[in-house]
Amino acid sequence: RSDQVVDTILASSDVVNKDRRLLERYVLVYLYHAWGGPHWTNQYNFLSPTKSVCNWNDGIDLGKGIWCDDNGFVNELIMQHNRLAGALDPIVFHLNPIYFWINGNNIDGSISSYIGNLDQIRQIEAQNTLLAGTIPTEIGKLSTLKLLH
C-alpha cells in the first residue's frame with residue numbers, strides 16, 4: 001500500500017529536507033494518478049519535469065493547485081471543484097499542508113487516522129465530496145486546526 005511505502009521511507013534516518021521534497025513529489029504524482037489527473041478541469045502544471053511542485057498551481061496568489069512555503073515544502077493543497085475522483089488515500093496525510101481543500105470533488109472513502117500527522121493544518125475543506133464514515137479521534141491532535149468544513 002502507498003502509505004506503507006511512505007512510512008518505510010520516513011522511517012529511514014537519512015530523510016532530510018531534500019528527501020522530503022522528493023517524498024512530497026512522489027505523493028503528489030501518486031495522487032495525480034489516483035485521483036484521475038488526466039480528467040481534471042485544470043492540470044496546474046502537474047507532472048511537469050521542469051517545474052518544482054511549488055509551481056504546480058495556477059500562478060495566482062492564493063489560487064488553486066499546490067503551493068509551498070519559503071523553504072520549498074508543500075503547505076497548500078488547493079484543489080476544490082476540479083473533477084478529482086477516487087479514494088482519499090492515507091498517503092495524502094504525509095504532505096502536512098496548512099490548507100487542504102478538496103471540496104466539490106468526487107473523493108470517496110473514509111478519513112484515515114493519519115490525519116493526526118497534520119501538525120500545522122489550519123483549514124480542511126472537504127464538503128460536497130463522497131467521504132463517509134466517522135472522523136478519527138486523531139483529529140483531536142490538530143491543535144492548529146481552525147476550520148473543518
Side-chain angles (χ1 to χ4, degrees), residues 1-35 37 40 44-48 51-82 84-149:
R1 293 182 25 165
S2 63
D3 55 318
Q4 291 170 327
V5 170
V6 172
D7 284 344
T8 302
I9 293 169
L10 289 175
S12 173
S13 61
D14 63 351
V15 174
V16 293
N17 290 345
K18 182 179 179 192
D19 295 324
R20 180 174 162 200
R21 287 185 192 95
L22 181 61
L23 178 65
E24 288 180 341
R25 188 176 190 95
Y26 169 82
V27 169
L28 291 169
V29 169
Y30 178 89
L31 291 174
Y32 176 85
H33 291 290
W35 288 348
W40 292 354
Y44 305 124
N45 298 309
F46 261 74
L47 306 187
S48 173
K51 293 185 182 269
S52 157
V53 298
C54 299
N55 293 313
W56 290 2
N57 54 59
D58 61 7
I60 301 169
D61 190 31
L62 300 175
K64 294 182 179 181
I66 304 303
W67 297 87
C68 297
D69 63 19
D70 292 338
N71 296 313
F73 299 116
V74 172
N75 69 349
E76 296 180 27
L77 191 146
I78 312 281
M79 301 293 289
Q80 73 270 30
H81 305 287
N82 199 36
L84 280 62
L88 183 63
D89 194 296
I91 196 172
V92 73
F93 299 117
H94 289 289
L95 290 174
N96 202 16
I98 293 172
Y99 301 102
F100 179 68
W101 297 356
I102 57 167
N103 47 307
N105 289 295
N106 291 322
I107 301 296
D108 59 21
S110 61
I111 299 172
S112 163
S113 62
Y114 280 103
I115 196 166
N117 293 344
L118 304 180
D119 62 5
Q120 65 178 10
I121 193 78
R122 290 187 198 149
Q123 294 182 5
I124 299 173
E125 292 274 355
Q127 73 272 21
N128 299 317
T129 63
L130 303 174
L131 293 174
T134 59
I135 296 176
T137 58
E138 288 80 1
I139 203 160
K141 296 179 185 178
L142 307 180
S143 62
T144 58
L145 184 64
K146 303 295 182 207
L147 176 71
L148 174 61
H149 194 221

Minimum side-chain heavy-atom gap F100-I121 below 4.5 Å | yes
In this structure, are over 12 heavy atoms from other groups packed under 6.0 Å from L130 atom CG?
-> yes
Hey, what do you get for CG (N96) to CG (N117), rounding to the nearest 0.5 Å?
-> 7.5 Å
Roughly how far apart are D58 CG and N45 CG, rounded to 0.5 Å?
-> 9.5 Å
Fit a plane to each ring of W40 and F46, take the angle between them on a 0 to 90° scale, and name the class: parallel (under 30°), tilted (30 to 60°) or perpendicular (over 60°).
-> perpendicular
Separation of I66 CD1 from W56 CH2 (nearest 0.5 Å) | 8.0 Å
Closest contact, heavy atoms only, G104 versus T129 = N-CG2, 4.2 Å
Can you list every pair that meets side chain to side chain donor-acceptor pair (under 3.5 Å) and has a residue in residues 133-146, with sequence neighbours left out?
-> none
Report the distance from atom CG of L131 to atom CD1 of I107, rounding to the nearest 0.5 Å.
-> 7.5 Å
Tell me, please, which residues at least two apart from N71 pass side-chain contact (heavy atoms from CB on, under 4.5 Å).
-> D69, F73
Apply side chain to side chain contact (heavy atoms under 4.5 Å, CB included) to L142 and D119, showing your working.
-> CA-CA 6 Å; L142 307 180; D119 62 5; 6.0 Å; no
Where do F93 and V27 land on the side chain to side chain contact (heavy atoms under 4.5 Å, CB included) test, with the steps shown first?
-> CA-CA 9 Å; F93 299 117; V27 169; over 6 Å; no
With a 4.5 Å heavy-atom cut-off, do I111 and I139 have their side chains touching?
-> no
With distance as the sole test, does Q123 use its side chain to make a donor-acceptor pair with the main-chain N or O of Y99 at under 3.5 Å?
-> no
Measuring from H94:NE2 to S112:OG, what's the distance to the nearest 0.5 Å?
-> 8.0 Å
Heavy-atom distance under 4.5 Å between the side chains of N106 and L84, does that happen here?
-> no
Flag for E125-Q127: side-chain donor and acceptor within less than 3.5 Å = yes
Do D19 and L23 touch side chain to side chain, with heavy atoms closer than 4.5 Å?
-> no
Determine the minimum heavy-atom distance between D108 and A87, stating which atoms define it.
-> OD1-CA, 3.1 Å
Working to the nearest 0.5 Å, report the span between CG of N57 and NZ of K51.
-> 9.0 Å
Does the side chain of D89 come under 3.5 Å of the side chain of Y30 through a donor N or O and an acceptor N or O?
-> yes
Positive for side-chain contact (heavy atoms from CB on, under 4.5 Å) with R122, one of I98, L147, L145 | I98
Shortest non-hydrogen contact from Q80 toward N105 | CA-ND2, 3.7 Å
Side chains of M79 and W35: does their closest heavy-atom pair fall under 4.5 Å?
-> no
N82 vs K64, side chain to side chain contact (heavy atoms under 4.5 Å, CB included): CA-CA, chis, key distance, verdict | CA-CA 9 Å; N82 199 36; K64 294 182 179 181; 6.0 Å; no
Option among V92, V53, L47 that satisfies the side-chain contact (heavy atoms from CB on, under 4.5 Å) test with L28 = V53
